[in-house]
Enquirer: 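Once you've had a glance at the structure underneath, I'll fire off some questions.
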Amino acid sequence: MFETVKSKVDFPRMEEGILAWWKEKNIFGRSVEARRGGPRFVLYEGPPTANGNPGIHHVLSRVFKDIIPRYKVMKGYYAPRKAGWDTHGLPVELEVEKQLGFSGKAQIEEYGVARFNAKCRDSVFRYLREWDSLTERIAFWIDQQHPYITMDNSYIESVWWTIKQMWDKGLVYQGYRVTPHCPRCGTSLSSHEVALGYKDDVEDPSVYIKFKLTDESRQKLGLEKPSYFLAWTTTPWTLPGNTALAVAPEAEYVAVEMEEEYLVMASARREAAGPGGEPVRGQFSGSALAGLEYQPLFNPHEYGIDRLRSQAGDKEAAGIFQAQESPTTPLAYRVISADFVSMEDGTGIVHIAPAFGEVDFEAGLRHNLDFVQPVDLQGRVTGNYPFAGKFVKQADPLILEDLKSRNLLFRSETIRHTYPFCWRCDAPLLYYAKQTWYVRTTAMKDRLISGNGEINWYPEHIKHGRFGDWLQNNVDWAFSRERYWGTPLPLWRCQSCGGYECVSGVQELKAKPGVSGLEEPLDLHRPFVDQVTFHCSKCGGEMRRAPEVIDCWFDSGAMPVAQWHYPFENETLLENGRFPADFICEAVDQTRGWFYSLHAISTLLFDRPCYKNVICLGHILDAKGEKMSKARGNVVEPWAVINKYGADALRWYFYTATTPGNVRRFSEEAIAEISRRFFMTLWNVYSFFVTYANIDRFAPDSKTPVQSELDRWILSELNQLIADVDAALAGYDPTEAGRKIERFVDGLSNWYVRRSRRRFWKSENDADKLSAYNTLYHCLVTLSKLMAPLAPFTAEALYRNLVLSAYPNAPESVHLADFPVADMGRVDHDLEDETRLVMTVSSLGRAARSQAAIKVRQPLARLLVKAGSDRARRGLERLAGQVMEEVNVKGLEVVEALPEKDWPVAADAGLEVMVDTEVTPELAAEGMAREIVHRLQTMRRSAGFDIADHIITCYQGDDFVGQVMTGFADYVRQETLSESLEAGEPEDGAFVERHKLAGHEIVLGVKKV
RNA sequence: GCGCCAAUAGCUCAGCUGGUUAGAGCGCCGCUCUGAUAAAGCGGAGGUCGGUAGUUCGAGUCUACCUUGGCGCACCA
C-alpha cells in the first residue's frame, strides 16, 4: 500500500517535511559519501559576502550551481561541495564606515585599525543565518559545515604562498604609474573595479584655455600680437599640474587673429572650437610647433608645490623622479608632438599633466617633462592656490574664475560624457600617478587566451566575446589597496637598503632572523601583522611590512588552493582531482570579477585554467524589465515566493523560463503558472495513481508484459525523455531538460492517463489493468529520478512513497538513486508519430462534433477520415480503437474521399475528418445510459461517497428509461459500482435527485450498501 | 566610438543545419466536458516574425546596414 495522496497539495509544507527528513537522515552527506571511489566532480563555489541579505539573484545562481552536481552524483560521480565566504575588502569596510558614520580614512586611523577591523570581522557574518537558511530551503546542497573563509589565517597563508610564487617568478612589481584612484576610499582600484562604475551622461566642464606663448616662441611664428595656444579640457583641476602641451606632428595648425591676440589651434578644429570667422594669420605644421614654449598657467614655485622631473627608463622602477627642480625665471614649458593627439574633439592641442592621466604620464616619461602634483590622495588641492583645500570637483569653478580674471579662459561650457565612479562609494575616480603593486598578468597573456580556449562556456559567445575580449585587452593587475580589512600584502621592506622580501607562510615568517612582534593568538590581519619586523637578509636592517592589503578579488581568485590551505595541507591537491574544477557558475558580471581572478591566478601559478565548464547567468530584472534595486522598491524577496509556491516551483522557473545566459524578467505570475501547469498536473497524476493502486492493492512488477499500444507509446516517450534529459544535463543545459520533462508530463496526464482511466476503473484485475498500473508506476518513478536534480523536493516525495512502499530495500532517497538509463529498444518513433496522428484526428473529430452540437457523451455511428498519406492510413487503421474511444464513435472508416453528405467536417495537417451525425434509437439509448451514469456519478460525489463505495441504485421513469436501465444494466452497474438497479421508490436514507434528460423525467436514488 | 546579446500573438517563450497557410503556454471571449485534475476539450479574436536592402527557385531562419533595449570595452585630453 502506498501512502494516501490527496490531489490538493500544499507544496511549501510538503517541502518543509522533506527538508526535515533530509536533515535527520543526513541525505546530502550520504549522497556524497555513497559515491566515494567514483570519478570526481568538482564544483567551485564563488564565495558570497554575508554582510547583506541574500536576494532573488542569489537564489538563481545557487540553484544553477546545485543542479549539475546533483545530476553528476546520480551518474556515479563523487562530488563533495565546499561552501565559501568572501569576507574581506572595500565592500565590507564601507559597510562598517557607514555604520560608524565615517567618511574617510583619517577617521578610521583615529578610531584605531584594530577596532575597525574587529568591526569588519563581525560585520561579514551578520546575515549568516539568513544565508544558511535560504541556502538550505532552496535545497542548494553544499557543505556549509566546513566552508572556506577568506579571512581565516590558513586561507591568508595560502594566499601569501600564491603571491610568493608569483614574486619568485618576477610577476609582482611595484610601479609608479597612473591608476584609477578613489579619493574617498583613498585607494587604487583595479581595472575590473573601474569597469563596474562607469556612468553615462555625467555633466562636467568643457573649457577652452589659453596658454600664452613666450615672446621668443611668438616671434618664431612671426606673430606680432600676444599669442596663445588654445587647449581643451573637461578637468580644470588638472590645469595646475600642466607641464606641457601636445600637438599632432602631421596636422595643420593655424593662428587666428582676434581683436587683441592670436589663438593657435588645429585648422581642423577651428570652427568647432569657436573662432571660425576670424582671419587666419599663419599656418604651421604640428612639428613646427613642437619645441615652442609657453608660460604655465600656474607656476608651481609660486604656489608652494614641488616641481619634480619625469625620468625616462624603466617605468616599473621605483623612484623615477629626480630631486626638486630649482626655480627658473621665467618658467616656460614646451610643446611636444605626440601620436595620440586626435582631431576628433578639442583643439588639436592637448593639455598634458603627467600627474594625472595615463597618456600624460607616459608622455612625461618620454619627454622628461616636469611632474607637478597639486592634489593629495583625498582629492584635495594642496599648496597655496586660491582654491587650495577644496575637493577637485569643487575647485573647478574657482580655477576657471581665476583663469578668467587673468584673461586665460577662452570658452567655458559643460559637456555630458561617460566618467568612472567608485563602484562602492560613488565618488568620482581620479586618475592619479602613484606607486601601486601589480601582478604582471600581461606576461602570461598568451596563456590566458589559450587557456580560455580549453574552457566550455555556456552560453558559448562569452568565450570569445566578453571574456575573450577582456583577455585580449589585458593589463597588469593593480592588486594592492591602501586599506585595512584585507589580506595583508606579504612584503617586508628594509628600512636601510630598501630591499623587499616576500614571505610565503607563517612558519617562514617565524623563522626569520631577529623576528619580533609576532603575537599569539596569531592574527594575520592589520594592525597586528604590521608590528612584525625582522632583519634584512642582505644588510641586517629592519624589515617592515609594506602597508598595503590586497584586492579582495585576489582572495576569491585564489580559492582553488586557499580553500584547502594548499600547500601547507592537502599537498596532493593537484593530483587527486580536486583541481581544476569541473564546473563553476555565476552571473555575467563576474567576467571581470571572479571568472577572471580565478583564471589569472591559476594561469600564473600552474600555467593552466582552473575550471572546465562555466554557466554564465544573465541578470534578473523585474516584471517590467527594470533593474531591481532597493531605491526603486522592486526587489523581490525570495522567502515570499518560496512560502507561497515552494522552492521547487522557483527552481523550475529559473531553469525553464529562459536560457541561463539571457536576462530574465522575474514575475510571480510566471511561478504561479508553473506551479499550476506543471507541478499540480504531475501531482494529480501521482495522486490518481496512488488512489487506484491502493484500491486494487497493486504491487509493482516489472515483469508484467506490456499489453497496450498506449503503454508502448508512453514507454517509448519515456525512454526518449531519459535520453534527452540525460544529454541536456550532460551538456549543462537545464533549460532543455526541464522543458522536455514538462512536455512529457503534459502528454502523460492529458493523453496517457486520460485515455487509460477506464483501464484503472474496471473491476477485474486482468493483465491489461496490471500493464497499465505497471506502466504508469514506471513512468512516475522514472520521472522522479529525472526530476531529482531540478525539483529535488517533489521528486523525493514521489520517490519515497512510490518506491519505498513497494521496495523497502531500495535506496532511501531519490538522491541516493542512480540516474535512469534509457532503453532505446523501447523507443518507437513510428508509434510516436502514429499517436500524434491519433491525437490530431481525435481533435478534429471533436471539432466536427462540436460543429453539430452533439455532446461527446452521445455515441455516434462512425467517423470518416481522409488520410493524407499511406503511412497515415496504416497508422490510423492500426490505432482506430483509440480514436473511436476518444471521439465516442462506433466505427472509423479511412476513405479515399469524403462522401457528399451534409455532415460536419474539420480539416488540418492534410487530414479531413467527418462525423456521421445520425442518432439511431440504439445510439440514443446508449447515450441515455451514459447520461444516467454521469448523473449517478455526480450524485455519488454529492452524497459524499468514497470512490470505492458500493451502492444500491433506485430509479423511476418512463418506458424508455426503463428500457435503458435494463438494457444497459451491466454497464450502469459497473460504472457506478451499483450492486443492484431497482425500479421504484428510493430506499430510506438514499440520496435522491430528479433529472430531466433528453425530455425524459427521471428520479434517481443512491444509497451506500 | 568599438564589441556582445536580445527583438516572433496582450504576456512568457519555442521555432535545429533556409522548404508548403509561423507555433506553444498563459490571458481574453464563446461553447462543451468533468469521479484524477484549482483540470481538460472545441471554437474565436490577436503576428507586415523590429526596419531596410541583398543572397536564393524559396528567408522568422543566411549577409550587410539601420532602429530600439540590455550589457560590456574605451587614452577620451
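So you know, we letter chains A, B, ... as the sequences are listed, proteins then strands, and number each from 1.
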Enquirer: Is any side-chain heavy atom of S749(A) less than 4.5 Å from a side-chain heavy atom of N684(A)?
Expert: no
Enquirer: Expressed in whole Å, how much space separates the C1' atoms belonging to A7(B) and G15(B)?
Expert: 15 Å
Enquirer: With distance as the sole criterion, is a donor-acceptor pair present between the side chains of T441(A) and N474(A) under 3.5 Å?
Expert: yes
Enquirer: How would you label the contact of H934(A) with the nucleic acid (heavy atoms, under 4.0 Å): base, sugar-phosphate, or nothing?
Expert: sugar-phosphate
Enquirer: Are Y431(A) and F361(A) close enough that their ring centres sit under 6.0 Å apart?
Expert: no
Enquirer: Output the single nucleotide from A14(B), A77(B), C42(B) whose closest atom is nearest the side chain of V341(A).
Expert: A77(B)
Enquirer: Testing the basics here: between A728(A) and E736(A), what is the closest heavy-atom pair and its distance to 0.1 Å?
Expert: CB-CB, 4.0 Å
Enquirer: Compare side-chain N and O positions of T691(A) against OP1 and OP2 of A36(B) and report whether any pair is under 4.0 Å apart.
Expert: no
Enquirer: As a check on the pairing definition, encode RNA chain B in dot-bracket form, counting Watson-Crick and G-U wobble pairs whose two distances are under 3.5 Å, and using | for partners outside this strand.
Expert: (((((((..((((.....[...)))).(((((.......))))).....(((((..]....))))))))))))....
Enquirer: Can the ring centroids of W470(A) and F595(A) be said to lie less than 6.0 angstrom from one another?
Expert: no
Enquirer: I want to verify a distance call: between C42(B), C13(B), A38(B), whose nearest atom is closest to the R846(A) side chain?
Expert: C42(B)
Enquirer: In whole angstroms, how far is the P atom of C75(B) from the CZ atom of R366(A)?
Expert: 15 Å
Enquirer: What about the rings of F688(A) and F760(A), do their centers lie closer together than 6.0 Å?
Expert: yes
Enquirer: Under 4.0 Å: is that the gap between some side-chain N or O of R665(A) and OP1 or OP2 of U12(B)?
Expert: yes
Enquirer: When you compare A22(B) with G50(B), how far apart are their P atoms, in angstrom units rounded to a whole number?
Expert: 15 Å
Enquirer: Please check the phosphate of A36(B) (OP1 and OP2 only) for any side-chain N or O of Y692(A) closer than 4.0 Å.
Expert: yes
Enquirer: Let's test your reading of the model: under 3.5 Å, does the base of U37(B) pair with the side chain of R757(A) as donor and acceptor?
Expert: yes
Enquirer: Can you tell me how far P of A38(B) sits from CD1 of I674(A), to the nearest Å?
Expert: 20 Å
Enquirer: I want to confirm an ordering. Mapping N473(A) and T235(A) to their closest nucleotides on RNA chain B, which one lands closer to the 5' end?
Expert: N473(A)
Enquirer: W683(A) and Y686(A): aromatic ring centres closer than 6.0 Å?
Expert: yes
Enquirer: Between C71(B) atom P and R592(A) atom CZ, what is the distance in whole Å?
Expert: 13 Å
Enquirer: Between A14(B), C26(B), A77(B), spot the one nearest the side chain of T233(A), thanks.
Expert: A77(B)
Enquirer: Which one, G41(B), G27(B), C5(B), comes nearest to the side chain of R676(A)?
Expert: G27(B)
Enquirer: Which of the following nucleotides, A77(B), G25(B), A14(B), is nearest to the side chain of E673(A)?
Expert: G25(B)
Enquirer: If you count the non-hydrogen atoms of other residues, nucleotides and ligands that lie under 6.0 Å from CZ in R13(A), is the total more than 12?
Expert: no
Enquirer: Side chain of R466(A), heavy atoms from C-beta onward: which of C71(B), A14(B), A36(B) has the nearest atom to it?
Expert: C71(B)
Enquirer: Using a 4.0 Å heavy-atom cut-off across all strands, classify A670(A) as base, sugar-phosphate, or nothing.
Expert: nothing
Enquirer: To the nearest Å, how far apart are N662(A) CG and A7(B) P?
Expert: 8 Å
Enquirer: Run the ring-centre check on F211(A) versus Y333(A) and record whether the distance is less than 6.0 Å.
Expert: no
Enquirer: Quick one: which of G3(B), A77(B), G41(B) gets closest to the side chain of V350(A)?
Expert: A77(B)
Enquirer: E669(A) has an atom CD; how far is it from atom P of C11(B), in whole Å?
Expert: 14 Å
Enquirer: I'd like the P distance from C73(B) over to G27(B), given in whole Å.
Expert: 42 Å
Enquirer: Which nucleotide wins on minimum distance to the side chain of V359(A), given the candidates C73(B), C75(B), A14(B)?
Expert: C75(B)
Enquirer: Rounding to an integer number of angstrom, what distance separates A6(B) and G51(B) when you compare their C1' atoms?
Expert: 16 Å
Enquirer: In whole angstroms, how far is the C1' atom of C76(B) from the CG atom of L430(A)?
Expert: 16 Å
Enquirer: Can you tell which of A39(B), A36(B), A77(B) lies closest to the side chain of S749(A)?
Expert: A36(B)
Enquirer: Give me the distance, rounded to whole Å, that separates C76(B) from C13(B) when you measure between the P atoms they each carry.
Expert: 36 Å
Enquirer: Nearest 0.5 angstrom please: I352(A) CD1 to T238(A) OG1, how far?
Expert: 10.0 Å
Enquirer: U37(B) and C71(B): how far apart are their C1' atoms, nearest whole angstrom?
Expert: 44 Å
Enquirer: Among A36(B), C5(B), C26(B), which is the nearest nucleotide to the side chain of V753(A)?
Expert: A36(B)
Enquirer: With C1' as the reference atom in both, quote the distance from C66(B) to G25(B) in angstrom, rounded to an integer.
Expert: 34 Å
Enquirer: Have a look at T591(A) and say if it touches a base, only the backbone sugar-phosphate, or nothing, with a 4.0 Å heavy-atom cut-off.
Expert: nothing
Enquirer: Once you round it to whole Å, what is the distance between P of U37(B) and CZ of R755(A)?
Expert: 18 Å
Enquirer: Find the distance L471(A):CG to C4(B):C1' and express it as a whole number of Å.
Expert: 15 Å
Enquirer: On a whole-Å scale, what distance lies between the C1' atoms belonging to U56(B) and U61(B)?
Expert: 13 Å
Enquirer: Return whichever of F340(A) or N684(A) has its heavy-atom-nearest nucleotide of RNA chain B closer to the 5' end.
Expert: N684(A)
